[in-house]
Visitor: 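Mind having a look at this structure? Questions to follow.
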Amino acid sequence: MAHKLASSHPAWNKLEQLYESKGKQINLTKAFNEDKKRFSTYSQLWKSEKTDATILLDYSKNLIDAEVLEALVQLAKEAKVQEQVDAMFSGEHINTSEDRSVLHVALRDLPGDFSINEPGVEEVKPELEHMKSFSEAVRSGAWKGYTGKPIKSIVNIGIGGSDLGPVMVTEALKPYAKRDLDAHFVSNIDGTHMAETLKVCDPETTLFIVASKTFTTQETITNATTARDWFLENAKDKAHVAKHFVALSTNVKAATDFGIAKENMFKFWDWVGGRYSLWSAIGLSIALVIGFDNFEQLLHGAHEMDLHYKNAKLEENIPVLLALIGIW
Ligand SMILES: O=P(O)(O)OC[C@H]1O[C@@H](O)[C@H](O)[C@@H](O)[C@@H]1O
């Protein structure tokens, strides 16, 4: 599907005119005083159909009015947003720069609502099973380090999408965390980040998670090599690496060359963009910290929002409204 600049659509001109004629003078205090229903008009309560979760989207405090909102929705229509959404869910290559599908929604479609036909989608559930058995073994203490002790610290080594999503979710969901399992995230190429982390880790009880979609990212491979050298200085025998290093990657060959055992690899697919990868094997650190059952709940919640995004009309579509207001 050909992409056009948003500014090439007639609604863009309309929005520019609206901004000049009144948009830049919209005053919120005045708007609320003049319209007692402003909050209810420009807010939406989303309710889960599966749980008692709700999300209140309050966009009444943005500098918009009915005419601006109408023009924004018109822009979405002219840009064929709904058609693009459908194209994404059907596996079309909407990532035109890499000529790939964009199917992070398949990672959380556990009920199979979207019938996505793309190689790899059928591997999502077996990979989740692998994450479940591994994370439960580590959390319960059944997974032992090379001297027979249970794991006390995990160190996720990754950068960009292979770091930020898990960092954000483990912070946000801290109340669900297993408190006797320390989680560290090392992303910085500055050696201090890894050195300071290793100072508080014990090689006998530390698990390193090398998270890299490509497994060629310089920062990550450098940090992973530092971690492996540190580990081997203590453990001596390379055979022990299998108990302390796992890889999350689409590049099985490079992870094997690094020395990671096949059974310690958690894979995902090239249709998972870096910035959306926390829902894939990249989320292993999340499952370790909050438990696999909670990780699965996270996937279910995101899937419900995917259903809303796919099915709600543009005027009531929470992600679409947020994106449009972002443009304004
Ligand atoms: O997961 P990888 O392949 O190591 O890549 C890490 C990051 O590398 C960056 O260069 C990319 O801009 C990010 O999108 C990506 O998440």
Side-chain angles (χ1 to χ4, degrees), residues 3 88 93-108 118-121 123-124 127-128 130-131 134-135 154-172 183-194 197 207-231 241 244-262 264-289 295 298-299 302 319 323 326:
H3 296 290
M88 183 182 87
H93 288 196
I94 61 163
N95 173 352
T96 49
S97 56
E98 293 177 308
D99 192 20
R100 284 177 189 167
S101 311
V102 178
L103 286 176
H104 49 289
V105 293
L107 300 169
R108 44 212 195 195
E118 176 77 20
V121 170
E123 295 175 301
V124 167
E127 213 47 55
L128 281 171
H130 188 196
M131 289 169 71
F134 178 77
S135 57
I154 61 165
V155 181
N156 189 84
I157 304 174
I159 193 168
S162 300
D163 169 66
L164 294 166
V167 170
M168 183 266 288
V169 175
T170 49
E171 269 302 308
H184 307 274
F185 293 85
V186 176
S187 56
N188 204 317
I189 190 71
D190 184 331
T192 310
H193 202 177
M194 181 56 89
T197 304
L207 175 75
F208 293 95
I209 303 169
V210 187
S212 176
K213 182 175 175 180
T214 55
F215 224 83
T216 55
T217 306
Q218 205 184 357
E219 292 88 337
T220 300
I221 301 307
T222 304
N223 282 329
T225 305
T226 304
R228 191 184 51 188
D229 291 348
W230 172 83
F231 173 74
V241 168
H244 292 266
F245 283 78
V246 300
L248 322 176
S249 189
T250 57
N251 189 346
V252 172
K253 185 181 177 309
T256 308
D257 292 347
F258 184 85
I260 307 241
K262 193 167 180 293
N264 293 348
M265 285 184 208
F266 297 83
K267 72 187 251 209
F268 55 109
W269 306 271
D270 68 1
W271 39 260
V272 181
R275 72 197 59 180
Y276 308 110
S277 57
L278 73 90
W279 314 99
S280 70
I282 291 290
L284 185 67
S285 55
I286 303 173
L288 284 162
V289 170
F295 181 69
L298 187 72
L299 297 179

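As the structure is a prediction and not an experimental result, all values here were calculated from the model. Note that ligands are numbered from 1 as they come in the structure, with each ligand's atoms numbered from 1 the same way.
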Visitor: Less than 3.5 Å between some nitrogen or oxygen of Gly274 and one of ligand 1, yes or no?
Guide: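 Checking ligand 1 against Gly274, no N or O pair falls under 3.5 Å apart.
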Visitor: Going by the angle between their ring planes, with limits at 30° and 60°, are His130 and Phe266 parallel, tilted or perpendicular?
Guide: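 Parallel.
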Visitor: Looking at side-chain heavy atoms only, is the closest gap between Glu123 and Trp269 below 4.5 Å?
Guide: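 Result yes, sub-4.5 Å side-chain heavy-atom pair found.
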Visitor: In Å and rounded to the nearest 0.5 Å, what is the OG to CG distance from Ser212 to Asn223?
Guide: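 Between atom OG of Ser212 and atom CG of Asn223 there are 11.5 Å.
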Visitor: Parallel, tilted or perpendicular: which one describes the rings of His104 and Tyr276, with boundaries at 30° and 60°?
Guide: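 The arrangement is parallel - the two ring planes meet at less than 30°.
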Visitor: Do Val121 and Trp271 make a side-chain contact, defined as non-hydrogen atoms from C-beta onward lying under 4.5 Å apart?
Guide: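 Of all side-chain heavy-atom pairs linking Trp271 with Val121, at least one is under 4.5 Å.
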Visitor: May I ask you to decide if the ring planes of Phe258 and Phe215 are parallel, tilted or perpendicular, using 30° and 60° as cut-offs?
Guide: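 Perpendicular, since the angle between the ring planes exceeds 60°.
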Visitor: Verify the contact flag for atom 3 (O) of ligand 1, where contact means a protein heavy atom under 4.0 Å away.
Guide: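 Yes, because at least one protein heavy atom sits under 4.0 Å from atom 3 (O) of ligand 1.
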Visitor: In the protein, what heavy atom is nearest to atom 5 (O) of ligand 1, and what distance, to one decimal place, separates them?
Guide: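 Heavy-atom neighbour on the protein nearest atom 5 (O) of ligand 1: Thr217 OG1, 3.5 Å.
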Visitor: Can you pull out the closest protein heavy atom to atom 15 (C) of ligand 1? Residue, atom name and distance to 0.1 Å, please.
Guide: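 Here the nearest protein heavy atom works out to Gly161 N, 4.0 Å.
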Visitor: Hey, does Thr214 come in under 3.5 Å of ligand 1, counting only N/O atoms on both sides?
Guide: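 It does: an N or O of Thr214 is found under 3.5 Å from an N or O of ligand 1.
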Visitor: Nearest protein heavy-atom contact for atom 6 (C) of ligand 1: which residue, which atom, what distance?
Guide: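 Ranking protein heavy atoms by distance from atom 6 (C) of ligand 1, first comes Ile159 O, 3.2 Å.
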Visitor: Please check if a non-hydrogen protein atom sits closer than 4.0 Å to atom 9 (C) of ligand 1.
Guide: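 Under 4.0 Å from atom 9 (C) of ligand 1, zero protein heavy atoms found.
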Visitor: Can you name the atoms of ligand 1, numbered from 1 with element, that are less than 4.0 Å from a heavy atom of Lys213?
Guide: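 Near Lys213, the atoms of ligand 1 are 1 (O), 2 (P), 3 (O), 4 (O).
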